[in-house]
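Beneath this line is the structure, given in structure tokens, with notes to follow.
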Amino acid sequence: MVVPEIADRITLRSARPEIVRESIRRGDWTTNTVGLSAGYTQTNLVILPREYAYDFPLFCQRNPGPCPLVDVTEVGSPVPLKAARSADLRVDLPAYRVYEHGELVEEPASIVHHWRDDLVAFLLGCSYTFEYALDQANVGLRHLNEGRNVSMFRTNQRCASAGRLHGPLVVSMRPIRSDRVARAVEVTSRYPLAHGAPVWIGDPDGLGIPSITEPDWGETLTPEPGEVPVFWACGVTPQAVAMEAKPPLMITHSPGHMFITDIPISML
């Protein structure tokens, strides 16, 4: 028997981005966006006051692995003109996170009540994008078939600072069959705007991750016999930066709840 969420996910997997965004905007879809609108680019979201509109692009330029910049809105506008001209970043993601001075204060389904005329939104490439390519290349992804979120971990690796922004690298982990790891590296290296090739393969101790069964974000994905943990730079990195650098306001996506653009993956 197929549970309703799985059935809905299968339907939305083949739906065009505007259809999925409309479902999200109505409140019909409220969970992670794993596998939705297959073939289209998904992105992370970071929103900051205009006073950080120089520091953050510089941070992205110095840290292109975790923060590949895809689009930037005009000051005060929630519309990403390059990524999806009909979208509204205040309501088109299933869940958001609001950080004030480094503290998570709210995880709302809409940020209309937080929107201000001085805010700038940044869209960053997401590994959900290269998951489509991995699936097409027959690299097995258990969580994709199960509609589950990936595991995400704060590491001991430091990002290059930019102005007032500084913090650790965050990585996402996917268990990959050992005989498909090389193929996974080859495929994802073609997508620098979706974090590119892995930053680490194997024992997570080298990244300062104490336990692979206790992710900082997302869901636990324990490697099964014959699988290897593979780690990619992750767009949740700015949230770790918010906690450490403590800007007065940073609004982001909730981990795993991405913005689905109109950009075909083939364009990347």
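Only a predicted model underlies this, so the values are computations on that prediction, with no experimental measurement involved.
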Do you know the tightest heavy-atom contact between Leu165 and Ala245? CA-CB, 4.2 Å
Interatomic distance, NE2@His101 vs CE@Met243, rounded to 0.5 Å, equals 15.5 Å
Flag the pair Glu107 and Arg97 as a salt bridge only when some basic side-chain nitrogen lies within less than 4.0 angstrom of an acidic carboxylate oxygen. yes
If every non-hydrogen atom of Leu141 is compared with every non-hydrogen atom of Arg174, which pair is closest and at what distance? CD2-CD, 4.1 Å
Would the number of heavy atoms belonging to other residues, nucleotides or ligands and lying under 6.0 Å from CD of Glu74 be above 12? no
Is the shortest side-chain heavy-atom distance between Ile209 and Met173 below 4.5 Å? no
Please examine the side chains of Pro57 and Phe122, heavy atoms only from C-beta on, and report whether any two atoms are closer than 4.5 Å. yes
Would you give the length of the straight line joining atom CZ of Phe231 to atom CD1 of Ile176, rounded to the nearest 0.5 angstrom? 11.0 Å
Evaluation steps, side chain to side chain contact (heavy atoms under 4.5 Å, CB included), between Val75 and Leu119: CA-CA 6 Å; Val75 178; Leu119 295 180; over 6 Å; no
Do other residues, nucleotides or ligands put more than 12 heavy atoms under 6.0 Å from the CG atom of Asp117? no
Using side-chain heavy atoms (C-beta onward) and a distance below 4.5 Å, is Val171 in contact with Leu207? yes
Worked check of side chain to side chain contact (heavy atoms under 4.5 Å, CB included) between Leu45 and Leu93: CA-CA 9 Å; Leu45 173 68; Leu93 285 74; 3.9 Å; yes
Tell me whether Thr73 contacts the main-chain N or O of Pro78 through its side chain, where contact means a donor paired with an acceptor under 3.5 Å. no
Is there a side-chain contact between Phe59 and Val241 (heavy atoms, below 4.5 Å)? yes
State, yes or no, whether a side-chain contact exists between Thr188 and Leu134 at a heavy-atom distance under 4.5 Å. yes
For residues Tyr128 and Asn149, is any side-chain donor paired with an opposing acceptor at under 3.5 Å? yes
Arg148 (side chain) donor-acceptor with Gly218 (main chain) under 3.5 angstrom: no
Using modelled atom types only, decide if a donor and an acceptor are shared between the side chain of Thr30 and the backbone of Pro94 within a distance under 3.5 Å. no
Got a sec, which pairs hit salt bridge (Lys or Arg N to Asp or Glu O under 4.0 Å) with one end in residues 238-261, sequence neighbours left out? Arg158-Glu244
Hydrophobic cluster membership, with links at side-chain heavy-atom distances under 4.5 Å among I/L/V/M/F/W/Y: are Trp29 and Ile19 in one? no
Where the side chain of His195 meets the backbone of Gly65, is there a donor-acceptor pair that is under 3.5 Å apart? yes
For the side chain of Asn63 and the backbone of Ala160, is there at least one donor-acceptor N/O pair under 3.5 Å apart? yes
Without swapping roles, check the side chain of Thr155 against the backbone of Val170 for a donor-acceptor pair under 3.5 Å. no
Tell me whether Thr237 contacts the main-chain N or O of Leu169 through its side chain, where contact means a donor paired with an acceptor under 3.5 Å. no
Value for CG (Leu123) from OG1 (Thr43), rounded to nearest 0.5 Å, stands at 4.0 Å
Which heavy atom of Asn32 sits nearest to which heavy atom of His257, and what is that distance? N-NE2, 3.5 Å
Could you tell me the separation between the CZ atom of Arg154 and the SG atom of Cys234, rounded to the nearest 0.5 Å? 11.5 Å
Test item: Thr222 and Thr213 side chains (from C-beta on) under 4.5 Å apart, heavy atoms: yes
CG on Asp203 to CD1 on Ile212, rounded to 0.5 Å: 8.5 Å
Connected via hydrophobic side-chain network under 4.5 Å: Val185 and Tyr132: yes
Verify salt bridge (Lys or Arg N to Asp or Glu O under 4.0 Å) between Glu227 and Arg177, making sure each step is shown before the conclusion. CA-CA 4 Å; Glu227 292 181 332; Arg177 269 176 36 196; over 6 Å; no
Counting only heavy atoms from other residues, nucleotides and ligands, does the tally under 6.0 Å from CZ of Arg190 exceed 12? yes
Can a salt bridge be assigned to the pair Asp92 and Arg25 using a cut-off of 4.0 Å between side-chain N and carboxylate O? yes
Non-hydrogen atoms of Val20 and Leu12 that approach each other most closely: CG2-O, 3.9 Å
Pair Gln42-Thr129, side-chain donor/acceptor within less than 3.5 Å: no
So does Arg26 have more than 12 non-hydrogen atoms from other groups sitting under 6.0 Å from CZ? yes
For the hydrophobic clusters of this structure (ILVMFWY residues joined by side-chain heavy atoms under 4.5 Å, transitively), does one cluster hold both Ile263 and Val79? no
Might you point out which heavy atoms bring Asp71 and Leu81 nearest each other, and give the distance in Å? OD2-N, 3.7 Å
Applying side chain to side chain contact (heavy atoms under 4.5 Å, CB included), run through Thr261 and Val70 and close with a yes or a no. CA-CA 10 Å; Thr261 76; Val70 173; 5.5 Å; no
Option among Arg16, Lys82, Arg21 that satisfies the side chain to side chain donor-acceptor pair (under 3.5 Å) test with Asp262: Arg21
Is the distance from the ring center of Trp217 to that of Phe153 below 6.0 Å? no
To check you understand the geometry: which heavy-atom pair defines the closest contact between Arg62 and Pro64, and what is its length? C-CD, 3.4 Å
So Asp55 and Arg164, salt bridge (Lys or Arg N to Asp or Glu O under 4.0 Å) or not? Walk me through it. CA-CA 7 Å; Asp55 287 355; Arg164 292 158 287 185; 2.9 Å; yes
If you group Ile, Leu, Val, Met, Phe, Trp and Tyr by side-chain heavy-atom gaps below 4.5 Å, do Met258 and Tyr40 land in one group? no
I'd like to check Phe56 versus Leu58 (side-chain heavy atoms, cut-off strictly below 4.5 Å). Are they in contact? no
Could you go through Glu106 and Glu100, starting from their C-alpha distance and side-chain angles, then the distance that decides it, and tell me whether this counts as side chain to side chain contact (heavy atoms under 4.5 Å, CB included)? CA-CA 9 Å; Glu106 190 180 356; Glu100 295 180 354; over 6 Å; no
Using the rule that Ile, Leu, Val, Met, Phe, Trp and Tyr join whenever any side-chain heavy atoms are under 4.5 Å apart, tell me whether Leu48 and Tyr54 fall into a single cluster. no
If you define the side chain from C-beta out and look only at heavy atoms, does anything of Val230 sit under 4.5 Å from Trp232? yes
Tyr96 (side chain) donor-acceptor with Val91 (main chain) under 3.5 angstrom: yes
Reported CG-to-CD distance for the pair Asp216 and Gln239, which is rounded to 0.5 angstrom: 11.5 Å
Qualifying residue for side-chain contact (heavy atoms from CB on, under 4.5 Å) with Val98, from Thr252, Ile47, Val105, Leu104: Val105
